[in-house]
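Only heavy atoms go into these numbers, but all of them, side chains included; no hydrogens, no water, no symmetry mates. Note on naming: letters A, B, ... go to the chains in the order of the sequence lines (proteins, then strands), and numbering restarts at 1 for each one.
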Number of protein chains: 2
Amino acid sequence: MNNKKRILPAKKATLKDVAKHAGVSTATVSYVLNDSGSVGKTVRDNVLKSVRTLKYKPNRSAQAMRTGRTKTIGLILPDLRNPFFPELAQAIENAAREAGYAVLLIDTQGSNETEKEGIQMLSQYGVEGAIWCPASEQDSFKNFADIIPCVVVDRPMKNYDNVHSDYVMGGQMLAREILKASHTKIGLISGPQDIASARMRREGLLTELTGRAEIIWETAVPYAVGLTPETLSLINKNKVSVIVAGNDLIAIGAIRALNDIGISVPDQVSVTGFDDMPWSTLVSPTLTTIRQPLTGLGQEAVKLLKRRMNEPEAERTVIILDVDIRIRESLSWIT
Amino acid sequence: MNNKKRILPAKKATLKDVAKHAGVSTATVSYVLNDSGSVGKTVRDNVLKSVRTLKYKPNRSAQAMRTGRTKTIGLILPDLRNPFFPELAQAIENAAREAGYAVLLIDTQGSNETEKEGIQMLSQYGVEGAIWCPASEQDSFKNFADIIPCVVVDRPMKNYDNVHSDYVMGGQMLAREILKASHTKIGLISGPQDIASARMRREGLLTELTGRAEIIWETAVPYAVGLTPETLSLINKNKVSVIVAGNDLIAIGAIRALNDIGISVPDQVSVTGFDDMPWSTLVSPTLTTIRQPLTGLGQEAVKLLKRRMNEPEAERTVIILDVDIRIRESLSWIT
DNA sequence: CAAATTGACTTAAACGTTTAAGTAAGATAC
DNA sequence: GTATCTTACTTAAACGTTTAAGTCAATTTG
């Protein structure tokens, strides 16, 4: 059927071709293209015309070779399937492209081993910098930033430039909203306490809550829907009017557990989440939760990386962005 | 506080350095590294030792310049936030890396304009091939594949190598399951009928259903939770025992609409989705839906692209992968 | 035993840019 | 009117690889 002969990619025009076509030297063409050197108006126009008619596009590999600059950055993520990352990656790619950089993507699937390989790979491809969300909190690479300018996103990490959300603030905002809704008896299901961001969420909540409401019980679980048996039994005791969950997945788990024992959310017990995952408006009840400025994080990461690439010797910088609260059905007022 | 002086990235060892260190010519080193030419065992070992001690890694830009091969492919997606893409992107990146290729990511945010720019950009960076999920069905680029070897994923598209799911089969599987559950009165909310995959879903459903069950009403809506007024009024008529939705978002919309008028899902009316988005087990009721082999699609796309890059003149190939049905709560049996 | 082949290496050109250095002509200075 | 400075170019080297072609000794061949 479809045997229309494919046209082989015509080999691309080179600087030399343009020079010949315009009757000048390659240097002149280069000067025109880079606005350097000095070229007369007529010659410049001729060159530009030749560039257009030959559809000349500079060969990045050659430029990279000569200048040492690849106009490329790396992006290392643990797992794109985690709904946190797609929006971040999108923002980073867009901001980078805007700034004239292409993005080499590496998804490590959470493996520290792959992370190291990935970093090596990026270095070999000559990326000028990298944005990295480490798979775990300890620096699997001794100091990546010694090899390539690098900013770490989402996780606070020593010795690196950092961009992340204000998790403490998120905890505080939840606390305030909970108090405003007149809740006084609280159950707390934190995320893993060996993760800094989970600790900070908890810390923010507690500092704002102490003296004004009572933590009836507390537990910590992995970021997942399935809760631990202890947690379930705590939920079953049901002495609280609101359950604060470490993130949206945990919140869903809590809602399910409550429903399973015939307790309605939010009529009898409220639940709050954290992260505002894309589906948190799709579940029932919709989740009251904290929204991280994912796009902002990405943009700031790129900005910071550009700075770092320009001044490799600069002081370490940490950028912390404000979060938002999204008030939805799962948190109700006590009347 | 942290004013530990950053160590500037030591400039990398070059082939010449290795050659000098090993006391041979650069050609010999290159031959050793590429297993070409002929080199004696002792010399080879010496060279390898020098490579190790100098931590030499070949400079990809230079290799690219000399050989014309960048060992890089492009990945052009319309929108990473669409939950369909992260898993696909992950699979593609992993498979590509496995095959020795780095992946340049471009997220066009659905803009045809950006898509064109992106393709130009990839061509400039010298990618050896690209995997493309077009933002719209008409080829915004006349024929991308004339510029770069290219395979189109997810959407059937003429003149390109294709990899996508068997949407017809998905429709059929749903139909069979619905019949098995003894439903005979069906409401159909298709996705946009100008999209081939939506048409195919519908087609598969109908071919399998005709004569065995009745389509009481039918409508088509965009892939979103918010349904059109006509659709809502059709739902309100409630003459059906099951509503087949064009994808999971539409299914959620239908469930909400039903709940709003006091109809319980799946007790009174069943609902099916399509796509098995990551949250389809998180909603209540959990969705009966069709799972696309996202990882498989990515892997096949990379495989196919490798083939295409090796034989640019080969016939167009279309690969269609089987889908799975995920039977969950939202579809109930009529007893 | 001379001729031809093989094996192990080196030399040097090439890939497509950028850019320092050179050149020649015209303008400006004194 | 010569000397100096600009302007507008060109020449050629360099970036780090790969690879065709060359060299030379050791081995095989008839």
Side-chain angles (χ1 to χ4, degrees), chain A residues 9-51 54-72 100 102 123-128, chain B residues 9-51 54-72 100 102 123-128:
Chain A
K11 76 167 76 61
K12 293 183 211 155
T14 148
L15 201 68
K16 210 184 286 182
D17 299 332
V18 176
K20 190 177 301 174
H21 187 271
V24 296
S25 72
T26 63
T28 302
V29 179
S30 179
Y31 287 138
V32 169
L33 261 30
N34 300 315
D35 281 321
S36 49
S38 95
V39 223
K41 173 134 179 50
T42 30
V43 172
R44 148 174 265 105
D45 287 348
N46 271 336
V47 168
L48 288 177
K49 195 179 298 173
S50 298
V51 165
L54 296 184
K55 290 191 208 305
Y56 168 77
K57 295 275 154 47
N59 176 324
R60 288 276 185 195
S61 300
Q63 290 184 315
M65 253 266 304
R66 175 63 225 231
T67 64
R69 310 199 57 200
T70 54
K71 284 290 176 183
T72 302
S123 144
Q124 224 175 117
Y125 276 86
V127 297
E128 295 179 40
Chain B
K11 74 166 77 58
K12 293 181 210 155
T14 148
L15 202 69
K16 211 184 284 181
D17 298 333
V18 176
K20 191 178 300 175
H21 187 270
V24 296
S25 71
T26 62
T28 303
V29 180
S30 178
Y31 287 139
V32 169
L33 260 30
N34 300 315
D35 282 321
S36 49
S38 94
V39 229
K41 173 137 178 51
T42 30
V43 172
R44 143 173 269 106
D45 287 349
N46 272 336
V47 167
L48 288 176
K49 196 179 299 171
S50 299
V51 164
L54 296 184
K55 290 191 208 307
Y56 168 77
K57 296 276 154 49
N59 175 323
R60 288 277 186 192
S61 300
Q63 290 184 314
M65 256 266 306
R66 175 64 225 228
T67 63
R69 309 199 57 200
T70 53
K71 283 289 175 185
T72 302
S123 144
Q124 229 176 112
Y125 276 86
V127 297
E128 295 180 40

Worksheet item: Going through the checks in order, is the side chain to side chain contact (heavy atoms under 4.5 Å, CB included) test met by Val24(A) and Asn46(A)?
Response: CA-CA 9 Å; Val24(A) 296; Asn46(A) 271 336; over 6 Å; no
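- Listed for the Ser61(B) side chain is no donor-acceptor partner under 3.5 Å among the backbone atoms of Ala64(A).
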Discussion item. So if I define the base as every atom that isn't primed, P, OP1 or OP2, how would nucleotides 13-20 of chain D read as a B/S/- string at a heavy-atom cutoff under 4.0 Å?
Written reply: BBBBBBBB
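- Between the Lys12(A) side chain and the Ser123(B) main chain, a donor and an acceptor come within less than 3.5 Å of each other.
- The terminal axes of the helix from dC1(C)-dG30(D) to dC30(C)-dG1(D), fitted over 5 pairs per end, subtend an angle of 50° to the nearest 10°.
- Looking only at distances, a side-chain donor or acceptor of Tyr125(B) sits under 3.5 Å from a matching main-chain atom of Lys71(A).
- Taking a cutoff of 4.0 Å between a charged side-chain nitrogen and a carboxylate oxygen, Asp17(B) and Lys55(B) do not qualify as a salt bridge.
- Here the straight-line distance linking atom CD of Gln63(B) with atom CZ of Arg60(B) works out to 5.5 Å at 0.5 Å rounding.
- Here Asp45(A) does not pair with Lys49(A) in a salt bridge; the nearest charged N to carboxylate O distance is not below 4.0 Å.
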